[in-house]
Amino acid sequence: MAETQNIIQMKGIAKTFPGVVALEDVDFSLRKGEIHALMGENGAGKSTLIKVLTGVEHPEKGSIELDSKLVQVRSPQHSQELGISTVYQEINLCTNISVAENILLGHEPHRFGSIHWKKMNEQAGQAIKRLGIDIDVTKPLRNYSVAIQQMVAITRALQILSAKVLILDEPTSSLDIHETNLLFDVMRKLKHEGIGIIFITHFLDQVYQVADRITVLRNGKLVGTFETASLPRVELVAKMLGRSLNELDAMARAKYEGKKEQDKKRLVEAQGLGLTKSLDPVDLELNEGEVVGVAGLLGSGRTEMAGLIFGIEAPDNGSLKVHGEKVNRFSPRESLKRGIALCPEDRKAEGVVGDLTIRENIILALQARYGWFKFISPPKQSEIAQKFIQLLGIVTPSPDQLVKNLSGGNQQKVILARWLATSPQVLILDEPTRGIDVGAKAEIQKLVLDLAEEGMSILFISSELEEVMRVSQRVVVLRDRKKVAEYSGDVDDQTIIYCMAGNL
Amino acid sequence: MNKTPLLKRIRESWLFWPLVAWVIILLLNVIFQPEFFKIGIIDDPVYGKHLYGNLVDVFNNGAPLILVSIGMTLVIATGGIDLSVGAVIAISAAMGAVLINPALGNKLISNEILTRNATNTPLPLIILATLAAGVVCGLWNGFLVSRARIQPMVATLILMVGGRGIAQLITNGQIMTIYYTPYFWFGNGYILGLPVSIYIVVAVLILSWILVRKTSIGLFIESVGINAKSSYFSGIDEKNVKLLVYAFCGLCAAIAGLILSSYVHSADGNNNGLDYELDAILAVVMGGTLMSGGRFSLLSSAIGAVVIWTFTLTMYTFGVPANALLAGRAVLVLIVILLYSDQTRQFLTRLTDSKETHRYLNKLMIWKGSRHGTSN
């Protein structure tokens, strides 16, 4: 392909945030009339790259060329003036005004000093027809589905801002299959009109459906840009996770021998457990003294599965048995009583209570289990907190420090301590090692194995396959909100990666 | 064990800022009208020997507000707000007045019966029903907030507007005068020379302190106020915590209503507890509890309420007419808001820091010096 066909050419982009290298020497190019998928797990640097391109962040190094001209994107407005438009996951439109008004907001045609409504509706109608959609533009936007609303956002981007580049950030996450296909039709149409589209998604199937090329980022570095047709799914997943297939084959795993099958007591049994639009029915068993790993990319339904077992949301499908008894009331509180614990994925929003002390955070779940009147006295609280601070090696001058002042890894340990203090029989860990340093990761992995040795049943969810393989006796694989396989005993990483990637 | 310097520890104490505000107002009185502090003993024909004076009045008149502020503190700590406390005061006052009314259950209604110093309902039952009315109102608010998931401000607005209507329905649209003297004791009586209302306040303060600090409820309230989602994930019964604080706030308002109606010998649906919600919120803010919820201190909210009443009575003794009082209060609110803004606090913190003060003074000297230089 000739260089001149590139609309965007980013070279050697680097960006650091305090303590984190978000992007390091990343190249990215977008051709005219191309759908280019940007892939990578959380923290890979996708959003930072987009932010650099749209002027939200300013790169420390590197250059951006637009139509072969060197540009400096100063602000989001400036990027729109340059012809780069972004449609975000949450649609930034006003649902209570008409479709036409949404499309032409701020650019309404005027006549005699007031808005020329007829002309405006005509203009808007034509604009949206360009995408092959025929709707009544005078109706309020809220009358239409999320998919149509997304189309309206795209129309606005193309119409008003005369975009040459369209960035779609997770556009399909709230769409069903039919709506997704509608969106893809529009994307293909725009592609033929010569617009360059950057497509960010977690769904592999969709990437292979529409994307021409794929750029993979990992830990802020460029892994490479590939033609979709010549990159098998398995390789894509391997690249996203960061290991070559040969390496995987050669990798030696530490064998983990658990108790014999027959001594195991079944603690949790899920049959066809599912929730519409969140998780397809799943069968799962958790036994005493066993670590079950969950492998799956982001958005594969792993967090949803954990949430259903812990009772954050009530399933509308299937049944859940804990200690052989059917669960009828789903709530974290009920789960706590049944001896199930969950360390949530989003540590900040769902885990720590930042303005409480470490001591209070640690005893919180235990106290919740005891209820209102069986109060754990402050000296007793300190004793419990001190015990776990030592056990888990939480680095802090005092248990009376506020949790928000701790580092990520230590916060994670505090959450872990909170649940261990309730001595659960089933412990669900959702991304327990995300965003923490290598040393702390190893400590948490070791702790998981020790806890299982003592008879606890652990469901271990992680984006890092290596760590899932290291700690688990059985591995459950999820893809696109479905359970696709379960392996026990000897299985190699490659098989699992194949399975995570789906259709070969 | 604690190595933080004393000055810093005092400054970071919950009670520091409300006390500073109180001391400032008292100082103004010391300078401009020392007679404010005059306390005497009076021999009342009905209530016997007791203390009188402005300082006694601050606590006596301020008691209802202190009570409401205690309830409001817990509501605000969960991240909520209760705008209906004023209306709940009116409802419970109306409840008390109606039950006392000797015409109740009396077929023959005459002016002689209406103004009789007697009641057909036993006093404990009257008190119980009055308080129950407040609790029911609080439960209603709590239900709307915790179960129906309506925003606290909107949910309590319903009762704020509707409550005074309910109060008037109860009293049949009339201002109901109370003639039953035993009932007056709550707002006018004295024990050991001090107003009964002060004892009530102290009792409620101690009981609520026990309720929140000797059980896990206080911790749960703070946890829910800081991060409701994390609290829910940790198994805290977040809904019932909210229900409880609104019910408790209703109870506090009802006690306030009891004292108020007893004090003024009447129940007036339109005017009992008017604007109490706003004063209570101001008191809580002065006490240092964040409007977004989280950590709280009951005692500092109570002091906040005392500050408001000290200010009000100071204005009265200054001779500020009642119709100009609101403007005076606006000044107080402004000062409080300024004192509590981060900007001002940082500035004041720097001032109290001795090193910084030196630097500041030096700057001032240099500035003065240079000015001298140019003028000479």
Side-chain angles (χ1 to χ4, degrees), chain A residues 306-307 310-313 331-357 359-378 381 397-398 400 402-404 411 414-415 418-419 421-422 424 428 430, chain B residues 1-4 9 12-14 74 76-79 142 146-147 149 207-248 288-297 342:
Chain A
F310 187 59
I312 288 163
E313 281 188 288
S331 80
R333 199 173 153 62
E334 295 294 321
S335 298
L336 180 64
K337 286 185 197 156
R338 287 190 285 265
I340 303 180
L342 167 75
C343 292
E345 182 186 23
D346 190 340
R347 191 187 307 142
K348 259 214 179 79
E350 297 163 350
V352 295
V353 182
D355 277 318
L356 290 186
T357 63
R359 165 171 61 87
E360 288 165 319
N361 265 284
I362 288 180
I363 58 107
L364 201 57
L366 184 65
Q367 182 67 70
R369 186 174 181 170
Y370 284 170
W372 288 0
F373 298 110
K374 209 176 153 199
F375 184 51
I376 307 170
S377 68
Q381 290 182 5
S398 133
D400 290 316
L402 296 186
V403 156
K404 65 177 178 191
Q411 287 188 4
V414 169
I415 307 296
R418 176 190 296 169
W419 288 109
T422 67
I428 306 169
D430 194 354
Chain B
M1 192 180 112
N2 210 329
K3 280 177 196 150
T4 28
R9 249 165 60 206
E12 282 174 358
S13 150
W14 274 91
L74 298 189
I76 288 182
T78 62
S146 69
R147 300 311 202 275
R149 293 277 168 203
L207 286 176
S208 48
W209 182 80
I210 290 173
L211 179 76
V212 295
R213 296 301 178 203
K214 291 289 149 193
T215 70
S216 60
I217 294 169
L219 176 66
F220 290 169
I221 289 173
E222 291 179 332
S223 179
V224 166
I226 296 166
N227 189 337
K229 202 166 182 191
S230 288
S231 307
Y232 174 67
F233 270 58
S234 302
I236 292 174
D237 197 350
E238 160 243 13
K239 285 180 183 170
N240 284 342
V241 168
K242 284 186 177 160
L243 193 66
L244 177 82
V245 294
Y246 284 95
F248 180 76
T289 304
L290 294 178
M291 290 299 286
S292 54
R295 297 283 194 192
F296 66 86
S297 160
D342 279 342

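Reminder, nothing fancy here: chain letters follow the sequence lines and each chain counts from 1.
Interface check for chain B: of the options A/G311, A/P332, A/G351, the most heavy-atom pairs under 4.5 Å are formed by A/P332. Of the listed residues (A/S335, A/S377, A/G371), the one with the most heavy-atom contacts under 4.5 Å to chain B is A/G371. In terms of heavy-atom pairs under 4.5 Å with chain B, the best-connected choice from A/E360, A/K337, A/R418, A/E350 is A/E350.
Interface residue A/F310: only side-chain heavy atoms are found under 4.5 Å from chain B. Neither the backbone nor the side chain of A/S398 comes within contact range of chain B; no heavy atoms are under 4.5 Å apart. Contact of A/L342 with chain B is made through the side chain alone, with heavy-atom distances under 4.5 Å. Only the backbone of A/K348 has a heavy atom closer than 4.5 Å to any heavy atom of chain B. Proximity to chain B (any heavy atom under 4.5 Å) is shown, for A/S331, by both the backbone and the side chain. With a 4.5 Å cut-off on non-hydrogen atoms, A/I376 does not touch chain B at all. Contact annotation for B/F233: both backbone and side-chain heavy atoms come within less than 4.5 Å of a heavy atom of chain A.
Using a 4.5 Å cut-off on side-chain heavy atoms (C-beta onward), B/V241 and A/W372 make contact. Proximity of B/R295 to A/L356: side-chain heavy atoms (C-beta onward) are separated by under 4.5 Å at one or more points. Within the 4.5 Å cutoff, side-chain heavy atoms of A/L364 are placed close to those of B/L219.
Of all the heavy atoms in A/G354 and B/I226, the pair that sits closest is N-CG2, 4.1 Å. Nearest heavy atoms, B/T215 versus A/F373: CG2-CD2, 3.7 Å.
Proximity of a side-chain donor or acceptor of B/S216 to a complementary backbone N or O of A/K374 within less than 3.5 Å is not detected.
Rounding to the nearest 0.5 angstrom, the gap separating the CD1 atom in A/I415 from the OG atom in B/S230 is 6.5 Å. In this structure, A/L336 CG and B/D237 CG are separated by 11.0 Å, a value rounded to the nearest 0.5 Å. Note that the CD1 atom of A/I363 and the OG atom of B/S234 stand 10.5 Å from one another [nearest 0.5 Å]. Going from atom CD of A/Q367 over to atom CD1 of B/I236 covers 8.5 Å, rounded to the nearest 0.5 Å.
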